[in-house]
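Written out below as structure tokens is the structure these notes cover.
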Amino acid sequence: MHDDQMEPDAALTELRRRLTDGLARARLTKTQLSARAGRGRTTVQQALRADGPVPSAETVAALAHVLNVPVEPLLELRRIAAGESGTDCGKDQGPGRPIGEWDPHDLELHPAGPTAGGPSAGLTAVLPGYVARAHDQTLARAVLDAAQGRSRMVVLVGSSSTGKTRACWEAVQSLAAPGWRLWHPFDPTRADAALDGLERVRPRTVVWLNEAQHYLGDPRVGEQIAAAVHTLLTQPGRGPVLVLGTLWPEYADLYTALPSPRSPDPHSRVRELLAGRTVTVPETFDQEALHTAATLAVSGDRLLHAALTRARGHGRVTQDLAGAPELRRRYDQGTPAVRAVLEAAMDARRLGVGLHLPLAFLIDAAIDYLSDQDYDDLTEDWAEAALADLARPVHGRQAPLRRMRTRPQHRLPGSPQPEPAEGRATSGMIFPVPPTPPGPPSGPVFRLADYLEQHGRNIRGDLCPPPSFWDASLTHLTHDDLYNIAVAARVHKPAWADPLLRRAALAGHAGALSELTMQRLGPEGLGVISGEGARHTSGAATFLGRRGDGPRALPVEALVTLAMLHEDAGDIDSAEALRKKTEDPAAVRAMDQHLLGALVVQLQAMRHRTAQSVLNNIR
């Protein structure tokens, strides 16, 4: 750029010198230049003649485009030569306003976190730090071309809230200082505004077609808009302009699909316009992007830090950021029934229930989260209405509570079928134990949105759930979920801990079984055992071998425990032999397949001789 103190005559001389040099390098005649730039021969001659008038900005831009000369310096020289201020380059600047005057959220950029300020100060949404990815490089090249005088169009194609609009906003920031304008056709409708204003777009304008289906897919004028954009990009003298748009993949597929023979072709102009001008935005952050985001988070970016705690595992960081404010609003402003179901789900997750929450559990648990008045106001279909409300998605295809599909279980051909529970001998056992851990809960299951799970941990903290929560847990939860809730009950509701622990043991949870075994024996039972260590070792081996296939088939953890028991008894040779078996690949493959081995691991947390005594007592 040039200093505004340059004299107009000097600026005009420099402008003509650069144009003349460009003409020489291009090896064109003035007549050829006139034809390629779409300008009259007289106009071109006057633009290059020493005593001619100051050419228009459109003429300078058209000549620069043909001569492959950077347009921004030439337009600045023309502005000084014409005596125009930096903010008023003519009576009609065309639609739009300077880029620096725009708030990105007025351009349909989704808020990514809570707003700052108050009623008197206004509400200002905070943007998280930006993480550049591969599509940003394509945008940067298009912006550079536009800055150098060549009109460009880029349409980012990606699913909801993948960062398309934010990428466009970041890309145009380098055009703010040189005085580029940005126009967002919006009023009275997007399509009508675009069709009306495209002919008035002036050089150095960014045309903002966010959610481009509202423009290009309009059933009345979509094809006309596509034709007008094409003319804007290709007509000499209209540029440089930069057209940026965003589309969901389903719309891009619709507009670019070739029609069947003898079928109507409703998007022929849109298809031509989009050809070679679309760029895919990925659904997730790759490892490099996640690393960059983590660096920003460590540097103090709280929004990114919170998003990464929820989304690092699946990489859908932008979707998490875009959906968080609306998820929070849906909880804060939900009906009493909606809030009751969400709070039951929040408490379940923070107290150790897995991701898949059974529908029956949620409905029964929610009852006592309602006040008496709200409970009396419930309709017969309150649960269906609440779940339908919670299933409605927010930005990023997230829902407060979404139904999960259970994946089918795959079994290696030829592998044995699981042994039926009723065929398993239970003689000598304190509780009947199923042969395999139970599968997923029967009936529909739902997953709480990650943001609401984190929000629930923050706002509910150590609150004790109401009685309906514990009752629903006892009735509807299984295995690990039951055991985790039983452990939580010791802190929040001790009276529920023992019933929950017993139900978990009956469901086959080894930890629950071992705890109840130790409770049943009590300190007197643990202290009664006496005799030689060999007797203890033999008893342990008998107990662990109850399945009938011998110690060699026991899981590695059980073999290690037996080795330690033999060592305590002074039988070093047997201990060494058992340790060698732990290196057997077959033993390694058998890990976690026997519930009795898991029980031994639990007991091993105690001192070795205590574990041995317990095993001898229950054999």
Side-chain angles (χ1 to χ4, degrees), residues 331 334-387 389-390 400-401 403-404 406 431-434 437-448 452-453 456-457 459-513 515-516 519:
Y331 169 72
T335 65
V338 163
R339 287 177 61 91
V341 172
L342 283 180
E343 287 175 355
M346 289 174 175
D347 286 346
R349 288 293 293 135
R350 70 183 175 88
L351 295 182
V353 179
L355 290 175
H356 293 182
L357 304 170
L359 170 62
F361 163 78
L362 291 172
I363 293 175
D364 286 354
I367 294 300
D368 287 348
Y369 287 83
L370 295 161
S371 68
D372 290 343
Q373 180 66 49
D374 292 332
Y375 181 77
D376 290 341
D377 290 339
L378 289 179
T379 60
E380 291 296 326
D381 63 344
W382 72 268
E384 292 85 349
L387 291 170
D389 189 349
L390 291 170
L401 195 69
R403 183 168 178 174
M404 305 294 293
T406 302
F431 298 100
V433 180
S442 60
V445 292
F446 289 77
R447 177 169 178 173
L448 181 67
L452 290 178
E453 178 184 331
R457 295 179 191 276
I459 64 172
R460 296 190 64 77
D462 294 328
L463 294 178
C464 177
S468 61
F469 176 89
W470 307 103
D471 193 16
S473 298
L474 187 66
T475 305
H476 300 294
L477 298 184
T478 62
H479 209 246
D480 287 344
D481 292 342
L482 262 173
Y483 180 71
N484 292 339
I485 292 298
V487 172
R490 294 171 181 160
V491 176
H492 296 285
K493 281 287 184 180
W496 283 92
D498 189 64
L500 287 164
L501 196 63
R502 291 177 179 276
R503 185 63 62 89
L506 289 170
H509 193 278
L513 178 58
E515 289 189 32
L516 287 175
Q519 290 178 17

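Since the model is a prediction, treat every value here as computed from it, not as a measurement.
With sequence neighbours excluded, the residues forming a side chain to side chain contact (heavy atoms under 4.5 Å, CB included) with Asp471 are Thr475, Trp496, listed by chain and number. Every residue two or more places apart in sequence or in another chain that forms a salt bridge (Lys or Arg N to Asp or Glu O under 4.0 Å) with Arg457 is listed here: Glu453. Listed by chain and number, the residues in a side chain to side chain contact (heavy atoms under 4.5 Å, CB included) with Ile363 are Leu359, Trp382, Ala383 (sequence neighbours excluded). Annotation: ring-ring contact (aromatic ring centres under 6.0 Å, His included) contacts of Tyr331 (sequence neighbours excluded): His455. Qualifying side chain to side chain contact (heavy atoms under 4.5 Å, CB included) partners for Glu380, counting only residues two or more places apart in sequence or in other chains: none.
A ring pair (Phe, Tyr, Trp, His ring centres under 6.0 Å) check over residues 359-378, counting only residues at least two apart or in different chains, returns the pairs Phe361-Phe469.
Across all non-hydrogen atoms, the minimal contact from Ala472 to Ala365 is CB-N, 3.6 Å. Contact record, Gly352 with Asn484: O-ND2, 3.0 Å, taken as the closest heavy-atom pair. Residues Cys464 and His492 come closest through the heavy atom pair SG-O, 3.6 Å. Considering every non-hydrogen atom in both Ala366 and Ala340, the closest pair reads O-CB, 3.6 Å. Of all the heavy atoms in Ala504 and His479, the pair that sits closest is CB-O, 4.3 Å.
Judged by distance alone, the side chain of Asp368 and the main-chain N or O of Ser468 form a donor-acceptor pair under 3.5 Å. The backbone N or O of Leu474 lies less than 3.5 Å from a partner atom in the side chain of Arg503, making a donor-acceptor pair. A distance-only check finds no donor-acceptor pair linking the side chain of Trp470 to the backbone of Ile485 [under 3.5 Å].
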Worked verdict on Arg349 versus Leu355 for side chain to side chain contact (heavy atoms under 4.5 Å, CB included): CA-CA 7 Å; Arg349 288 293 293 135; Leu355 290 175; 3.3 Å; yes
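Residue Leu390 is tested with Leu448, Leu452, Leu401, Leu362 for a side chain to side chain contact (heavy atoms under 4.5 Å, CB included); the sole match is Leu401.
Looking at heavy atoms from C-beta onward, Arg490 lies in side-chain contact with Leu501 at the 4.5 angstrom threshold. Residues Arg350 and Leu463 meet the side-chain proximity criterion, which asks for heavy atoms closer than 4.5 Å.
Residue Leu342 holds its CG atom at 8.5 Å from CZ of Arg339, rounded to the nearest 0.5 Å.
Other residues, nucleotides and ligands contribute over 12 non-hydrogen atoms within 6.0 Å of the CG atom of Asp381. Atom CG of Asp462 sits in a sparse spot, with 12 or fewer heavy atoms from other residues, nucleotides or ligands closer than 6.0 Å.
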